[in-house]
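Each remark here refers to the structure printed beneath this line.
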Amino acid sequence: MPEKYYLLEAALDPLLSEIKELLALKMVQVGGKSYELEFYLGGDLKFLLLFWGFAQANSKYSCIWCLVPSSDCWDTSKLHPTRSIEDIEACAATNEHSVKYPPLLSIADHVVRDELHLFLRIMDILIENLISYAVELDIRATRKQTDLLQGATLKKVQASIQSCGVSFQIWKKK
């Protein structure tokens, strides 16, 4: 089944109706005691984008917290306007800033993004940089005709990763 806004909306409709009622109440009584309600929304980036009616993660304004264009997201020295739930709803009405549909719920204060996928991507980049650097060192050593075995640095990196109990292989084109 494709992951689409309208399918998510239809699948969650009964649950969303109940949550909207609870959002309006802000408090519930249980056993004569009143409890203030706080709502948290969690999920991976794709789910959060769908839930709030955003376009894809590769769209121009895919950050759910601010209006950083994707071309500037690497530059942490720049400040960008933050998004509120009201801003997202207004953008949905005009189809601006990569918001195509209204959010399914007005929960914006407590959003927990899935860390697993973030850390996996960070590790992908770090390992890619480590391997590239090892290859570069091996190429330099080969040019200088040092006593290093061909590909020795890369082999050490692979052995180090494997020593952590991780099944890890570096594939070479034939």
*For side chain to side chain donor-acceptor pair (under 3.5 Å), just list the numbers for Asp87 and Ser84, CA-CA rounded to whole Å, side-chain angles, deciding distance to a tenth of an Å, and then say yes or no.*
CA-CA 5 Å; Asp87 295 331; Ser84 67; 3.1 Å; yes
*Does Leu120 share a hydrophobic cluster with Leu48, counting links as ILVMFWY side-chain heavy atoms below 4.5 Å and allowing steps through other members?*
no
_For the student: nearest non-hydrogen atoms of Tyr5 and Phe51, plus distance_ = CE1-O, 4.4 Å
*Mind listing the closest non-hydrogen atom pair of Asn95 and Lys100 along with its distance?*
OD1-CA, 3.5 Å
*Can you measure from OG (Ser132) to CG (Leu137) and round to the nearest 0.5 angstrom?*
11.0 Å
*Does Val112 share a hydrophobic cluster with Leu104, counting links as ILVMFWY side-chain heavy atoms below 4.5 Å and allowing steps through other members?*
no
*If every non-hydrogen atom of His110 is compared with every non-hydrogen atom of Tyr40, which pair is closest and at what distance?*
CB-CD2, 3.2 Å
*Are Val99 and Trp52 side-chain neighbours, meaning at least one heavy-atom pair lies under 4.5 Å?*
no
*Sub-4.5 Å side-chain heavy-atom contact between Leu7 and Pro2*: yes
*asked:* Test of understanding: clusters of I, L, V, M, F, W, Y form through side-chain heavy atoms closer than 4.5 Å, transitively. Do Val166 and Ile127 belong to the same one?
replied: yes
*Output the distance between atom CD1 (Ile64) and atom CG (Leu45), rounded to the nearest 0.5 Å.*
6.5 Å
*Out of curiosity, Tyr61 OH to Ser71 OG, how far, rounded to the nearest 0.5 Å?*
7.5 Å
*Is there a side-chain contact (heavy atoms from CB on, under 4.5 Å) between Ile131 and Glu128 once you walk through the steps?*
CA-CA 5 Å; Ile131 290 170; Glu128 181 181 343; 6.0 Å; no
*Roughly how far apart are Leu22 CG and Met27 CE, rounded to 0.5 Å?*
13.0 Å
*Spatial distance of atom CD (Glu3) from atom CG (Leu50) [nearest 0.5 Å]*: 6.5 Å
*Verdict with supporting geometry, Trp65 and Val111, side-chain contact (heavy atoms from CB on, under 4.5 Å)*: CA-CA 10 Å; Trp65 289 282; Val111 178; 3.8 Å; yes
*Would you say the side chain of Leu41 lies within less than 4.5 Å of the side chain of Phe47, judging by non-hydrogen atoms?*
yes
*What is the distance from atom CD of Glu136 to atom OG1 of Thr153, rounded to the nearest 0.5 Å?*
10.5 Å
_Stepwise side-chain contact (heavy atoms from CB on, under 4.5 Å) check, Arg83 with Leu67_ = CA-CA 7 Å; Arg83 292 189 196 240; Leu67 285 171; 3.5 Å; yes
*Mind listing the closest non-hydrogen atom pair of Phe54 and Ile88 along with its distance?*
CE1-CG2, 4.0 Å
*Heavy-atom closest pair, residues Ile85 and Pro103*: CD1-CG, 3.9 Å
*Look only at the side chain of Asp72 and the backbone of Lys78, and say whether a donor-acceptor pair between them is shorter than 3.5 Å.*
no
_Hydrophobic clusters here meaning ILVMFWY residues chained together by side-chain heavy-atom distances under 4.5 Å, can you tell me if Tyr133 and Leu126 are in one?_
no
*Going hydrophobic residue to hydrophobic residue with side-chain gaps under 4.5 angstrom, can you get from Leu130 over to Phe119?*
yes
*Gln162 (side chain) donor-acceptor with Phe168 (main chain) under 3.5 angstrom*: yes
*Does the side-chain contact (heavy atoms from CB on, under 4.5 Å) test come out yes or no for Lys26 and Glu36, once each step is laid out?*
CA-CA 6 Å; Lys26 298 183 183 188; Glu36 189 175 328; 5.8 Å; no
_Minimal non-hydrogen separation, Ser62 against Leu49, with atom names_ = O-CD2, 3.3 Å
_Could you go through Glu89 and Ser106, starting from their C-alpha distance and side-chain angles, then the distance that decides it, and tell me whether this counts as side chain to side chain donor-acceptor pair (under 3.5 Å)?_
CA-CA 9 Å; Glu89 289 168 345; Ser106 295; 3.1 Å; yes
